[in-house]
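Numbers here are sequence positions counted from 1. Atom set for the values below is all heavy atoms of this structure, side chains included, hydrogens, waters and symmetry mates excluded.
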Amino acid sequence: MYGQIKQDLIAALDEIRQSGLYKHERVLSSSQGAMISVQGGAAVLNFCANNYLGLASHPTVIDAAQKAMQRWGYGLSSVRFICGTQEGHKQLEEKMSRFLQTEDTILYAACFDANGGVFEPFMGADTCILTDALNHASIIDGIRLAKAQRLIYQHADMADLEKKLQESKSSRYRLIATDGVFSMDGDIAPLQAICDLADRYDALVMVDDSHATGFLGRTGRGSIEHCRVMGRVDLITTTFGKALGGAMGGCVSGRKEMIEYLRQKSRPYLFSNSLSPMVVGATLAVLELLSANTELRDRLESNTLYFRQRMTAMGFDIKPGIHPIVPIMLYDEKLAHTMADEMLKKGVYVIGFSYPVVPKGMARIRVQVSAAHSKEHLDTAVDAFQSVGKQLGVIR
Ligand SMILES: *Cc1c(COP(=O)(O)O)cnc(C)c1O
């Protein structure tokens, strides 16, 4: 009987609309790339995808996906431990371990699942997880599934983390969990300091490098390479759905026994279908591509530097940093959304972020630079920002 709940949902949805928090989905009529077509509109420059290396529609990646589908079929219709493991799954796990310089890797359907399954098997009631206040929703949910005590430390605050490590000394194991890069500000976790504290207080470290794997660090190994902590992090989770091709899939990579134990106990691994052969084949090709040379991450780095420098020179208030996530601070919620609308009219697709995604009074436009952007694309976007910025009184 669909009764009371229908009325409640209508009211709740109305409230979401009234408060301006309703999420509308813009429909694309093209593949993902630097230039996209929006249904019912013209082509626009895309500055809001996680397509950091431009691999989402890269010919090498599409070719590898097609070849893998021809050779290995479309799907497995099975979980890994029944009859869902192909040679490709083992190869991808090995290749990912080599890429991240870890001992072993386990695949998941998404990084959301990896984070959902990485805590609960190890972290029982006599343990403690120390988690950054700004960690991704999937880490928060993964921790909720574990019986461990949860201590939230202030964002990137090492003094607070240390205090919480002192408070939790009686726990059987402690695990510090952090994003490698935080998606709203593009800031990088202080992984050196975190690993030092972990050594001092006998704690494990887990890093979710979804916004870093493939491009951050000198050879694109992620925030772990950028912060020079490769080999010191016990568990790394990451996604294949951002820089590494953008389709879907994720993994946990790290200590041999921990990965082996996850294969026995991790529920999103045990009770969910194995990764599609085409995602496996394409991700293998991506890792090959990124291991051969650093051309794509180098281009992303210089694109990011160029965009950040030009925007700063024009007087925009951007959060300093090196990440291709470039938050253009506007503070005012309405201004952020008006500015994004005006940018779209000029053919540049960017998104305004406001409360509750970011704190009240901290509204912004979050630009994401890609290796797929040409110099002309970047200049077009910067020029549009200049003209809209002046029009709205954000810059002079
Ligand atoms: C995007 C993201 C995820 C989710 O990855 P999916 O593979 O899309 O499920 C998890 N953690 C972080 C930090 C992310 O940015």
Side-chain angles (χ1 to χ4, degrees), residues 9-28 36 38-41 44-51 132-141 152 154-157 179 181-188 210-211 242 304 307-308 310-321 323-370 380-396:
L9 291 177
I10 288 171
L13 285 164
D14 264 350
E15 199 179 304
I16 295 172
R17 261 184 221 102
Q18 296 297 325
S19 57
L21 297 176
Y22 196 89
K23 291 174 198 67
H24 297 274
E25 298 175 357
R26 197 164 261 128
V27 179
L28 308 187
I36 53 173
V38 180
Q39 204 177 53
V44 293
L45 270 174
N46 187 7
F47 275 86
C48 56
N50 300 313
N51 186 21
D132 188 290
L134 293 190
N135 274 344
H136 189 263
S138 54
I139 298 181
I140 296 170
D141 285 8
I152 301 169
Q154 296 298 310
H155 173 55
D157 183 337
D179 279 16
V181 170
F182 294 85
S183 64
M184 284 305 132
D185 292 318
D187 60 322
I188 301 164
S210 290
H211 278 288
K242 290 188 171 103
T304 300
F307 183 82
R308 281 178 170 273
R310 284 210 58 194
M311 291 293 286
T312 308
M314 285 185 328
F316 280 105
D317 177 6
I318 67 176
K319 289 223 169 192
H323 199 274
I325 290 173
V326 186
I328 297 158
M329 300 308 296
L330 298 161
Y331 305 99
D332 183 75
E333 337 266 39
K334 195 150 174 294
L335 178 60
H337 295 290
T338 307
M339 189 150 177
D341 291 344
E342 291 301 314
M343 289 295 290
L344 190 62
K345 287 185 197 155
K346 294 204 176 296
V348 180
Y349 187 16
V350 289
I351 297 284
F353 285 83
S354 54
Y355 182 80
V357 181
V358 294
K360 274 206 170 99
M362 293 294 274
R364 67 199 64 185
I365 284 179
R366 184 182 73 170
V367 168
Q368 287 175 287
V369 179
S370 168
T380 304
V382 169
D383 291 347
F385 268 115
Q386 182 166 38
S387 128
V388 172
K390 281 182 178 167
Q391 176 194 323
L392 297 176
V394 177
I395 55 166
R396 270 179 289 171

A.B. asks: Please examine the side chains of Val326 and Met311, heavy atoms only from C-beta on, and report whether any two atoms are closer than 4.5 Å.
C.D. replies: no
A.B. asks: Side chain to side chain contact (heavy atoms under 4.5 Å, CB included), that's the test. Do Arg310 and Asp383 meet it? Break it down for me.
C.D. replies: CA-CA 10 Å; Arg310 284 210 58 194; Asp383 291 347; 3.7 Å; yes
A.B. asks: Is there a side-chain contact between Ser370 and Gln368, using heavy atoms and a 4.5 Å cut-off?
C.D. replies: no
A.B. asks: Distance check, rounded to the nearest 0.5 Å: Asp332 atom CG versus Ser354 atom OG?
C.D. replies: 10.0 Å
A.B. asks: For a side chain to side chain contact (heavy atoms under 4.5 Å, CB included) check, start with the C-alpha distance between Tyr22 and Leu13, then their side-chain angles and the critical distance, and finish with the verdict.
C.D. replies: CA-CA 8 Å; Tyr22 196 89; Leu13 285 164; 4.2 Å; yes
A.B. asks: Can you classify the ring geometry of His155 versus Phe182 as parallel (below 30°), tilted (30 to 60°) or perpendicular (above 60°)?
C.D. replies: perpendicular
A.B. asks: Can you tell me how far the CG atom of Leu134 sits from the CG atom of Asp179, to the nearest 0.5 Å?
C.D. replies: 8.5 Å
A.B. asks: Considering only heavy atoms from C-beta outward, does the side chain of Met314 approach that of Val382 to under 4.5 Å?
C.D. replies: yes
A.B. asks: What are the two closest heavy atoms between Met339 and Val394, and how far apart are they?
C.D. replies: SD-CG2, 4.2 Å
A.B. asks: Any side-chain donor paired with an acceptor under 3.5 Å for Ser183 and His136?
C.D. replies: no
A.B. asks: Please report the shortest heavy-atom distance between Tyr355 and Leu21, naming the atom on each side.
C.D. replies: O-CD2, 3.3 Å
A.B. asks: Is it true that, when you exclude Arg17 itself, more than 12 heavy atoms of the residues, nucleotides or ligands shown sit nearer than 6.0 Å to its CZ?
C.D. replies: yes
A.B. asks: List the atom of Glu333, the atom of Gly361, and the distance in Å for their closest heavy-atom pair.
C.D. replies: OE2-N, 3.8 Å
A.B. asks: What closest approach, in Å, do Ser19 and Ile16 show between heavy atoms, and which atom pair accounts for it?
C.D. replies: OG-O, 3.1 Å
A.B. asks: Hey, is OH on Tyr331 packed in by over 12 heavy atoms from elsewhere, all under 6.0 Å?
C.D. replies: yes
A.B. asks: Would you indicate whether the side-chain heavy atoms of Pro327 and Met184 approach each other to under 4.5 Å?
C.D. replies: no
A.B. asks: If only atom types and distance count, is the side chain of His323 paired as donor or acceptor with the main-chain N or O of His211 below 3.5 Å?
C.D. replies: yes
A.B. asks: Please report the C-alpha distance between Gln39 and Leu28 in whole Å, then the side-chain angles of each, then the deciding distance to 0.1 Å, and finally whether the side chain to side chain contact (heavy atoms under 4.5 Å, CB included) criterion is met.
C.D. replies: CA-CA 5 Å; Gln39 204 177 53; Leu28 308 187; over 6 Å; no
A.B. asks: Does this structure show an ion pair linking Asp185 with Arg364, if we count only N-O contacts that are shorter than 4.0 Å?
C.D. replies: yes
A.B. asks: Is there a side-chain contact between Phe353 and Ile365 (heavy atoms, below 4.5 Å)?
C.D. replies: no
A.B. asks: Rounded to the nearest 0.5 Å, how far apart are CE of Met362 and NZ of Lys319?
C.D. replies: 4.0 Å
A.B. asks: Is there a side-chain contact between Val348 and Val44 in this structure, where contact means two heavy atoms from C-beta onward sitting under 4.5 Å apart?
C.D. replies: no
A.B. asks: Do you know which two heavy atoms are closest between Phe385 and Phe307, and how far apart they sit?
C.D. replies: CE1-CZ, 4.0 Å
A.B. asks: Which atom pair, heavy atoms only, marks the closest approach of Ala336 to Ala363?
C.D. replies: CB-CB, 3.9 Å
A.B. asks: Quick check: do Lys346 and Ser387 have side-chain heavy atoms less than 4.5 Å from each other?
C.D. replies: yes
A.B. asks: What is the distance from atom CG of Asn46 to atom CG of Asn51, rounded to the nearest 0.5 Å?
C.D. replies: 8.0 Å
A.B. asks: Is Ile328 close to Asp317 at the side-chain level, that is, under 4.5 Å between some pair of heavy atoms?
C.D. replies: no
A.B. asks: Check step by step if side chain to side chain contact (heavy atoms under 4.5 Å, CB included) holds for Tyr349 and Phe47.
C.D. replies: CA-CA 6 Å; Tyr349 187 16; Phe47 275 86; over 6 Å; no
A.B. asks: So with a 6.0 Å cut-off around CD of Glu15, is the heavy-atom count from everything else above 12?
C.D. replies: no
A.B. asks: State the OG1-CE distance between Thr338 and Met343, to the nearest 0.5 angstrom.
C.D. replies: 13.5 Å
